[in-house]
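All residue numbers in this chain count up from 1 along the given sequence. Atoms within each ligand, like the ligands themselves, are counted from 1 in listed order.
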Amino acid sequence: MNEKNFQLNIANIFPPSLWSFRNQEIVYQDLKRFTYLEFYDRVRRLSSALLKIGVKKGDKVAVLDWDTNHYMESYFSVPMIGAVLHTVNIRYPPEIIFYTMQHAADKFVIVRDEFLPMIERSAQLFDFVKGWIIYSDEKGEIRTSLENHYNYDEMLESSEPIDPPDIDENTPATIFYTSGTTGLPKGVTFTHRKLVLHAQALAVGLSYSPLNINEKDVFMGLVPMFHVHSWGVPYLTIMTGHKYVLPGRYDVKRILELIKKEHVTFSHMVPSILYMILTHPEVEDYASYLKGWKVVIGGAALPRGLAKMAEKFGIITVGAYGMSETCPLLTAATFTEEINSLSKEERFDYMISTGRPAVLVNLRVVDSIGKDVPWDSRTIGEIIVRAPWLTDEYYLDPEKTEELWRDGWLHTGDLAVVDSKGFIHIVDREKDAIKSGGEFIPSLVLENIISEIPEVGEVAVVGKKDEKWGERPIAFITLKNKVSKEYIIERLMKFVETGRIQKWWIPDDIIFMDNLPKTSTNKIDKKELKKML
Ligand code: AMP
């Protein structure tokens with residue numbers, strides 16, 4: 001390789017970071033605490049240990065774990081030797097977990113002891129796995145019936161840290177599987193170059209965001225590390241030198257304790273996680289620690305009602321948008337002088353919108369004949385994108401790949417309008433869109449408005465087949481305080497009077513639930529709700 005041709009690979013994130021932030025910390029619950037320098041030493045030891053047990057360039061190395069320091073180490077160690085990190089979604093049912101591991105043909109698997117029984121029960125399925133690297137938070141021997149197993153921490157201790165080889169930036173670094181709302185999950189892959197550029201774009205995005213991130217901020221990601229590299233924030237963090245807190249398995253009480261103890265000031269998550277935190281019975285006891293917490297919400301629209309609820313705690317929320325196929329960053333709220341000079345309430349609305357394209361993201365919103373829609377807040381089109389970090393393919397699935405990439409643009413399947421300032425507002429997903437009497441009812445707009453009724457907790461609106469109209473909207477709602485269906489309809493009529501929704505959008509029925517079903521990535525599961533109808 002030509003040394004002058006600097007490679008955008010994951011190992012190259014470290015040198016400047018260690019120069020300036022060597023004593024910065026990475027913390028796992030109240031169990032482990034490493035400086036960046038110690039962390040880097042562990043990363044290089046794990047790389048060396050993996051090479052020793054026979055991991056080769058291009059081999060898939062799977063991880064089954066919650067958000068731990070072991071996971072964070074593998075984010076770097078595995079790609080740094082040219083192997084491919086498979087972040088397994090452990091919230092899938094076991095048969096889907098096994099399907100993804102078979103599909104990826106994982107050669108080695110790093111697995112937390114908690115998941116061993118599940119694997120051991122079906123060990124015969126894994127004849128393609130050459131080695132199991134196991135670890136536990138508990139001290140002492142880990143028992144397993146799996147053959148060819150190694151102890152992660154012992155391997156680390158007995159290995160010398162290596163100097164990372166100079167990996168070509170176009171080498172695949174990661175693979176993971178989409179949430180699979182229809183059919184089996186599909187694999188998406190990302191190269192070193194994509195991940196490095198994406199992390200840099202996150203850093204640039206934060207500098208334009210109204211969150212005012214600075215060197216004192218302490219990060220704690222609340223998007224699982226198995227899902228879209230926790231939105232790339234672990235890579236970003238090492239680049240920008242923040243303290244990083246790893247919460248393990250998500251437990252709201254523990255999350256609140258970590259915010260308090262580690263002085264967490266910045267997190268990212270899907271809306272349901274924020275809702276769970278804000279409705280935890282003990283949340284008031286932590287109110288003083290939540291004040292000023294900067295939270296990026298993505299993965300689903302940030303309902304206005306939830307953002308208002310957070311505001312009461314002094315939490316600052318900002319919307320962002322992306323998908324598994326896009327690494328994920330596509331858009332975020334970027335604040336320019338034009339937006340900063342608006343009134344507080346107008347600024348609030350921009351903060352919680354889908355935002356504007358991130359740096360290097362070429363984004364269009366196009367109608368059915370591929371023409372860009374006007375910036376009129378009304379004309380709906382599909383979001384299509386090009387950017388340096390999008391997946392090139394669905395792994396081993398040329399047909400689906402062709403559907404995803406048409407005319408050189410990645411088709412998101414998300415429907416949106418653009419306002420006069422270029423802010424994007426997603427109104428629905430193509431596959432969830434409700435067509436009633438030949439007209440379209442934007443379910444996300446309706447959900448947003450229903451979320452503003454103070455008694456409403458979470459809400460999802462889905463289409464039900466209707467003989468006369470084709471489809472009619474039905475709202476599924478959880479309540480913070482008990483009210484009747486008639487009360488909800490009455491409140492919605494008020495929104496009709498002020499022109500925020502049209503009368504025929506009012507749902508035909510309201511179904512109250514204790515909890516809304518969630519997907520493996522904690523988003524409201526509309527597919528499940530449709531099945532119920
Ligand atoms: P996933 O690949 O599971 O992360 O899901 C990606 C999908 O989530 C996108 O295609 C959107 O439909 C939805 N999504 C993500 N972020 C937002 C957002 N800010 N507003 C509305 N929908 C979103």
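The ligand atoms of ligand 1 that sit less than 4.0 angstrom from a heavy atom of Gly322 are 6 (C), 9 (C), 15 (C), 16 (N). Heavy-atom contacts of Ser324 reach the following atoms of ligand 1: 1 (P), 2 (O), 3 (O), 4 (O) (cutoff under 4.0 Å). Ligand-side atoms of ligand 1 in range of Arg429: 12 (O), range being under 4.0 angstrom from any heavy atom.
Looking at Met323 against ligand 1, both its backbone and its side chain come within 4.0 Å, counting heavy atoms. Only the backbone of Ala300 comes within contact range of ligand 1, with a heavy atom under 4.0 Å; no side-chain atom does.
Of the charged side-chain nitrogens involved, at least one lies within less than 4.0 Å of a carboxylate oxygen, so that Glu345 and Lys308 count as a salt-bridged pair. Taking a cutoff of 4.0 Å between a charged side-chain nitrogen and a carboxylate oxygen, Glu528 and Lys531 qualify as a salt bridge. Lys294 has a carboxylate O that lies under 4.0 Å from a charged side-chain N of Asp217, or vice versa, which qualifies the two as a salt bridge. Lys421 and Glu346 are not joined by a salt bridge, as no carboxylate oxygen comes within less than 4.0 angstrom of a charged side-chain nitrogen. Salt bridge Glu325/Lys400: absent, no basic N to carboxylate O contact under 4.0 Å.
Aromatic ring pairs are classed by plane angle as parallel below 30°, tilted from 30° to 60° and perpendicular above 60°; the pair His103 and Tyr395 is perpendicular.
Summary of contacts: the protein heavy atom closest to atom 3 (O) of ligand 1 is Ser179 OG, 3.0 Å. The single protein non-hydrogen atom nearest to atom 4 (O) of ligand 1 is Lys523 NZ, 3.1 Å, given as residue, atom name and distance. Scanning all protein heavy atoms for the shortest distance to atom 12 (O) of ligand 1 gives Asp414 OD1, 2.5 Å. Nearest non-hydrogen protein atom to atom 8 (O) of ligand 1 is Gly299 O, 3.2 Å. Distance from atom 21 (C) of ligand 1 to its nearest protein heavy atom, with residue and atom name: Ala301 N, 3.3 Å.
Taking all heavy atoms of Pro303, Pro271, Ala320 into account, the minimum distance to atom 19 (N) of ligand 1 is reached by Ala320.
Between Trp405 and Tyr394, the distance from one ring center to the other does not fall under 6.0 angstrom.
The ring pair (Phe, Tyr, Trp, His ring centres under 6.0 Å) contacts involving residues 503-533 comprise nothing, where partners must be two or more places apart or lie in separate chains.
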